[in-house]
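The structure under discussion appears below in the form of structure tokens.
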Amino acid sequence: MAVVRMPEKTIFERIISREIPAKIVFEDDHCLAFHDAHPQAPVHVLLIPRKPIPSLEDVVSDDAEVLGHLLSVVPQLTKMLSLTGGYRVVINCGQNGGQTVDHLHLHVLGGRPLSWPPG
Ligand code: 5GP
């Protein structure tokens, strides 16, 4: 009998399903935000869609609504996090982009001046 293998869940899917813990700061029907385990700034939150889109490269036109929703959540989130002095939103994509988790995510970074360009 053929064995049907289910694709492995990413860490972020396990956070969504509460299989592994995370410091969740916001959630609604379409997305979830939680503190990064290895913060690169005083505030470093990851904002992810519940839909497991692997990367920005995999986005299709049907995803426009959820992507727009993610961006619309950012100002709510940054107010909650008191990022009054500004912040940066980053999406790493693919190997050269430094993506390590194959579930689309926005990094929301702030709490100190951030240099440019990034490394
Ligand atoms: P990427 O490098 O893919 O753009 O970002 C992945 C981010 O996920 C990294 O900043 C990394 O620190 C964070 N991360 C990886 N594993 C976990 C985890 O189990 N919990 C949390 N909260 N963040 C994680």
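As the structure lists them, so they are numbered: ligands from 1, and atoms in each ligand from 1.
A donor-acceptor pair shorter than 3.5 Å cannot be found between the side chains of His105 and Asn92. Between the side chains of Ser17 and Glu19, a donor-acceptor pair is found at a separation under 3.5 Å.
Here His44 and His35 keep their ring centres 6.0 angstrom or further from each other.
With a heavy-atom cut-off of 4.0 Å, Leu46 touches ligand 1 through its side chain alone. In Thr100, the parts holding a heavy atom less than 4.0 Å from any atom of ligand 1 are both the side chain and the backbone. By the criterion of a heavy-atom distance under 4.0 Å, the side chain of His107, and not its backbone, is placed next to ligand 1. By the criterion of a heavy-atom distance under 4.0 Å, the side chain of His105, and not its backbone, is placed next to ligand 1. In Ala22, neither the side chain nor the backbone holds a heavy atom less than 4.0 Å from any atom of ligand 1.
Scanning the protein heavy atoms around atom 23 (N) of ligand 1, the nearest turns out to be Ala37 N, 3.2 Å. Protein heavy atom nearest atom 16 (N) of ligand 1, with residue, atom name and distance: Ile11 CD1, 3.8 Å. The nearest protein atom to atom 10 (O) of ligand 1, hydrogens excluded, is given as Asp36 OD2, 2.4 Å; this is a heavy-atom distance. Nearest non-hydrogen protein atom to atom 22 (N) of ligand 1 is His35 O, 2.9 Å.
Hydrophobic cluster membership differs between Tyr87 and Val90, with clusters built from Ile, Leu, Val, Met, Phe, Trp and Tyr side chains linked at under 4.5 angstrom.
Taking CD1 of Ile91 as the reference point, atom CD of Gln99 lies at 9.5 Å (rounded to 0.5 Å).
When each of Leu47, Leu106, Val66, Leu77 is paired with Cys31, the side chain to side chain contact (heavy atoms under 4.5 Å, CB included) condition holds for Leu47 and for no other.
Listed by number with element, the atoms of ligand 1 under 4.0 angstrom from any heavy atom of Phe12 are 8 (O). Counting the atoms of ligand 1 from 1 in the order shown, those under 4.0 Å from a heavy atom of Val101 are 3 (O), 6 (C). Those atoms of ligand 1 with a heavy atom of His38 less than 4.0 angstrom away are 12 (O).
Shown here for Ser55 and Leu104, the closest heavy-atom pair between the two residues is C-CD1, 3.9 Å.
Ligand 1 lies within reach of Gly98, whose nearest heavy atom is under 4.0 Å from it.
With side-chain heavy atoms closer than 4.5 Å counting as contact, directly or through intermediates, the hydrophobic cluster containing Ile20 also holds Ile11, Phe12, Ile15, Ile16, Ile24, Leu32, Phe34, Leu46, Ile48, Val101.
Below 3.5 Å of separation, one finds no N or O of Gln99 facing any N or O of ligand 1.
Looking at Glu13 and Arg18, no side-chain N of the basic residue comes within less than 4.0 Å of a carboxylate O on the acidic one, giving no salt bridge.
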